[in-house]
Structure formats: C-alpha cells, structure tokens
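Note that the structure is predicted; figures quoted are calculated from it, not measured. So that the names make sense, note that chain A is the first sequence line, chain B the second, and so on, each numbered from 1.
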2 protein chains.
Amino acid sequence: MSVITCLAGPPVTIAIVAKSDGASRTPHDVAALRAVDGRVPGRRGLATRQRLVECTIGLLGSSSYRDLKVTDITRAAGTSPATFYQYFVDLETVLLAVAEQTVEEGQRLVELISQRAWSGPAGVDSAEALVDGFLDFYRTHRPTLRVVDLLSTEGDKRFRHLRTLILNGMTKALAAEITTVQGDAAEVEPMAMAGALIGMLPQMAGHQMGFEAWDISFAEVREAMIRLIYWGVTGPKVPKR
Amino acid sequence: MSVITCLAGPPVTIAIVAKSDGASRTPHDVAALRAVDGRVPGRRGLATRQRLVECTIGLLGSSSYRDLKVTDITRAAGTSPATFYQYFVDLETVLLAVAEQTVEEGQRLVELISQRAWSGPAGVDSAEALVDGFLDFYRTHRPTLRVVDLLSTEGDKRFRHLRTLILNGMTKALAAEITTVQGDAAEVEPMAMAGALIGMLPQMAGHQMGFEAWDISFAEVREAMIRLIYWGVTGPKVPKR
DNA sequence: TGTACATCAGTGAACGCGCGTTCACTGATGTAC
DNA sequence: TGTACATCAGTGAACGCGCGTTCACTGATGTAC
C-alpha cells in the first residue's frame, strides 16, 4: 500500500462560498471559517485547512468514498487528527468544503456557451466545444463531481444545492442560448431542456468506460452527445400527437 | 432511531446471474452459491440468503451507502453476523448479489422499446412510454441502481459489468429501432446513440429533485427527455461543418 | 414406519483492530507599548 | 528595537466504541435402510 502525501503546499487561497442566489460570490464570512474551538484562523491556519481539503480530493481520487477516513486525510496532509477537528466538525464538512471549491471552477465553462453562435453549422461546433470543455472539466474534478453526485442522489440537500451551483452557470447560459435560437417557437421550457442537456454531461463523462463492454468507442458517444445538444438547442420540429 | 426489519419472508427465489454475453440467462451455478464453509445451501439456506439480500436493498434505500454495515443487515434480517458470512464473504459480495437481481428486471423494459413504432407521431408516444416506464423502473430499484452507478464510476469492473447488463436489453433494443428508422442514413453509430440516450435516463431519474432549485417542474424535464429520445431515434439532419 | 446418521442451518459470545474524537499541553506568531 | 503578553497553531497520546470476523457449538432437516 502506498502512502499518499500532500505535503507540497499549494498557494494559499481563501475558501470562497457562493451566495444562495448562485450569481455573485463573496469571501466566506469570517465566522463561517472560525475554527471549532472558537479561534479565528490566520494565514497559517487557512493554509493547513486548505491542505486538508486538497488531500481529501486526492484520496477521493485514489480510493473509494466508502473507505475515506479522517485519519487517512490527516496522514496524507502530514498532520494529526486533532488538527482536522480544528477546522472541520466531521468528514461531511470537509466534503462540503471540497464541493464549494468546485463551484467557482464550474463557472469557467460559461464562456464556452455564451460567447458562441448556436444556429447553423457554427452551432454544431459550439456543441462540440461544450462537450470537449466539459470532458476536460470532468477530468480535473472527477473525484469531487462524483462525491457531490452521490450525496445529491442520496438526498442530502446541501450537496444537492452545491451540485446545482456547480452546474448553474452552464445551465443558465445554455437556456439563454436556447431562448435566443428558438424564441417563441420553443416547445419546451428552455431551462428544463438546458438542465437535461447539462445534466447529461457528467453522466457521460463518468461512464466513459461503461461503453467498452458494447464495443462502442467513446468517440462515437461523443458524437451522439454533440448532436443531442445541437438538437436540444435548435429544437427540430416534433410531430403533433 | 427506528429499527428496520425484513422478517416477513418473500417467496423464495433462486438468484439468477447473467451470462457474460448478456444475452441468455442461466440459474446460478451451484458452486457459485456454495456457502463459504463449503456447504451446499438448501431451500432454507437460500431463503435466508435472499432475506439478507433484500434487507441490504432496504437499508440502501433508507440510509447512506457509506453507513451500510454488515451488522445492520443481519439485525434487519433478524439473524446473526455469523450467518451473513456463511453466504457472503463481505459487504461487496452482497452488493453484487443485489445488483444481479436487478439485471433480470431491466429486461422487462425491452418490450417498451421493441414492440413499438418509432417514426412519425407514434414515435413521440413511444419515447414518452419509455421515459415513463423507466421512471417507474427507477422508482422501484432506486437503491440498487444508485449503488451500482456509484461503484461503476469508482472504477469497479464487476459493477460496471452489471450496470451494462442492466441497461443492455434496453440499449440494444433501442439501437435496433434506430437502425430501422434511419437505415443507412444514420450519421452516428446506433449503439452509441442508444447508449447515450439510455444512460441519460438513470441520471434524470436520480436528480429529479435537483431541478427544484431552478424552479423547473420535473414535468418539463420529462418533456425534454421525450424529445431528446425522439430526436436521437429519428436523427434530424445536422448542418455539415 | 421408525431409527440412525449425515449434512444443512443458525448463532452466542468473544476477540481485537481501527477509527473517531478529545484533552492537555508545547510551540509559533503577532502586536502593543 | 526589545520585551511581554495574547492568541493562533499544532499534536502526542490516550480512550473507548463499534464493527468485522471467527469459533465452537446446538438445533433442524433430510434420507438411507
């Protein structure tokens, strides 16, 4: 068994949390970051906290969620269990912190949607760029997205909320494009269609290997996704029933 | 905390496992069901084993996967931990048994696909029936599908295989319909498109609540799904790039 | 039909590891004057 | 600039619960003759 460490400290960043409207972001309220025993963490403390968060992500990537232990995280971070409990009340809390950090990242993909044309041949290119952009996003945030997804489907409201926030920017941007392209002709609520399309992306990304058994190359699935997005945005006519 | 029990025994059914080709099914090889200490279970033993499987499903539905313990399962089944280890080597093994039972169930939806028309207005009705049929399927098998999905994305090959088997019938049936409808005009490999569409279904079903935050009624998302399936099957033209 | 034997089925009780969690303490850092 | 004090930061070591797991045993069931 190999020992995983996170000793190389990354640049210190202060955790950011999204406001409930999902639009603007503000630095964490100081009280929210207050350590469990009432101390207000300074530079050094925040760096340690951040290291714990990052080691958690690392462990989520290399072992199963079920096997994630507080002691493993502190061992990986080169610190002691007592330190962990100075910053997080339990495992779930550090997972929330992990998820919060991804909310910011999710907004970067918005420009892949809103700064593009979505009708005609250019629309297909845009769909392709969105798919590839998301696959890239997923590759770097796989452990986080997986655990957020799991805890969401298990019914935890806080993680459901965070999942919404992560996908929020993309979904709203895509809905806006749908409205632009289809106007009053839209037969389906643009937000619903956008939500379905964006929600499809992590699903696909997470099951890339799942197609092997059918001898389907993932390249073909990617083509399918591109078309589904294009269709969803442009809304081809569907026969009346 | 409430105590969950599974004492009311269901009719005894012998566990069925799918062959690796995913097509034909045979009763479990006797050796595969041999208890850990070498005994060959009879009627009574198989009933106990089945009760353990069903209590596992029950617990997966009422508490989180992370909190699932062997002792909880045996307590729910009204038996002792030692009995558990007579039929399963560990927790993972009983989860595999849980998943295997759902493989059979997944094939029931095949007729919702293959015994229907998929072009013209009837195609939209078929898409609707598939969506509703799947939502119903998900409702009754949510705990299982969730845990299979999780362990698949975590990279476990056995669960990935089982997930494939569960969705296998539907995917192949839908691919066949795509081929019928589009013929040589298909621009995307039918199995890839079918895999994308069928894979979308558990995703949607699992995140029904996730749309609340956006004030989208799930009914609208359902409409979006129906259209995406219709488009995927009929394959509207996409502009050349 | 009855008896004896083989095998299936189930479990009480215990063992021990590992993990969550805490306390009392030392060391580091910052700042007031 | 130096000293004293407050507060931040970190941890060694331990405690104890709970869970996984096993063993040696009793009871139930089936069947051979």
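- Atom P of nucleotide D/dC23 and atom CZ of B/Phe84 are separated by 17 Å, given to the nearest angstrom.
- Closest to the side chain of A/Arg44, from the set C/dA9, C/dT29, D/dT11, is C/dT29.
- The CG-C1' distance, from B/Leu46 to D/dT29, rounds to 14 Å in whole Å.
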Under the criterion salt bridge (charged side-chain N to carboxylate O under 4.0 Å, His left out), I'd like the reasoning laid out for A/Glu54 against A/Arg51: C-alpha separation, chi angles, the key distance, then a yes or no. CA-CA 5 Å; A/Glu54 262 145 39; A/Arg51 219 167 66 234; over 6 Å; no

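- In this structure, the nucleotide among C/dC19, D/dG10, C/dA9 sitting nearest to the side chain of B/Thr48 is C/dA9.
- Of the residues A/Leu95, A/Asp72, A/Thr144, the one that meets the side chain to side chain contact (heavy atoms under 4.5 Å, CB included) test with A/Thr56 is A/Leu95.
- Proximity of a side-chain donor or acceptor of A/Glu220 to a complementary backbone N or O of B/Ala192 within less than 3.5 Å is not detected.
- Contact check on A/Arg158 versus A/Glu92 returns a salt bridge, with a Lys/Arg side-chain nitrogen under 4.0 Å from an Asp/Glu carboxylate oxygen.
- B/Thr71 has no side-chain polar atom (N or O) that falls below the 4.0 Å cut-off from OP1 or OP2 of D/dG18.
- Regarding B/Asp72, its CG atom lies at a distance of 14 Å from the P atom of D/dT21, rounded to whole Å.
- Heavy atoms of other residues, nucleotides or ligands lying less than 6.0 angstrom from CD of A/Glu105 number more than 12.
- Per the geometry, CZ belonging to B/Arg66 stands 11 Å off C1' belonging to C/dG20, to the nearest Å.
- Atoms CD (A/Glu92) and C1' (C/dT21) sit 17 Å apart, rounded to a whole Å.
- Considering only heavy atoms from C-beta on, A/Met170 comes within 4.5 Å of A/Phe137 through its side chain.
- Under the 3.5 Å distance criterion, the side-chain polar atoms of B/Gln203 are matched with a main-chain donor or acceptor of A/Gly199.
- Rounded to whole Å, atom P of D/dC19 lies 17 Å from atom CG of B/Asp90.
- Under the 3.5 Å distance criterion, the side-chain polar atoms of A/Arg146 are matched with a main-chain donor or acceptor of B/Thr153.
- In DNA chain D, runs of at least 3 stacked Watson-Crick or G-U pairs (N1-N3 plus N6-O4 or O6-N4, or N1-O2 plus O6-N3, all under 3.5 Å) give these stems: C:2-33 with D:2-33.
- Closest to the side chain of B/Tyr87, out of C/dC8, C/dA9, D/dA9, is C/dA9.
- For the pair A/Leu91 CG and C/dC19 P, the interatomic distance rounds to 12 Å; values are reported in whole Å.
- Dashed line: the shortest gap from a side-chain N or O of B/Thr83 to OP1 or OP2 of C/dT11 is under 4.0 Å.
- Atom C1' of nucleotide D/dG18 and atom CZ of B/Arg75 are separated by 10 Å, given to the nearest angstrom.
- Along DNA chain C, the nucleotide closest to A/Leu68 and the one closest to A/Ala82 are compared, and the more 5′ of them pairs with A/Leu68.
- With C/dG20, D/dG20, D/dG27 as the choices, the nucleotide that has an atom nearest any side-chain atom of A/Tyr85 turns out to be C/dG20.
- Side-chain proximity of A/Val40 to D/dG20, C/dG20, D/dC8: nearest is D/dC8.
- For A/Gln86, the listed nucleotide lying nearest its side chain is D/dG10; candidates were D/dT22, C/dT22, D/dG10.
- Side-chain nitrogen and oxygen atoms of A/Arg43 include at least one within less than 4.0 Å of the OP1 or OP2 phosphate oxygen of C/dG30.
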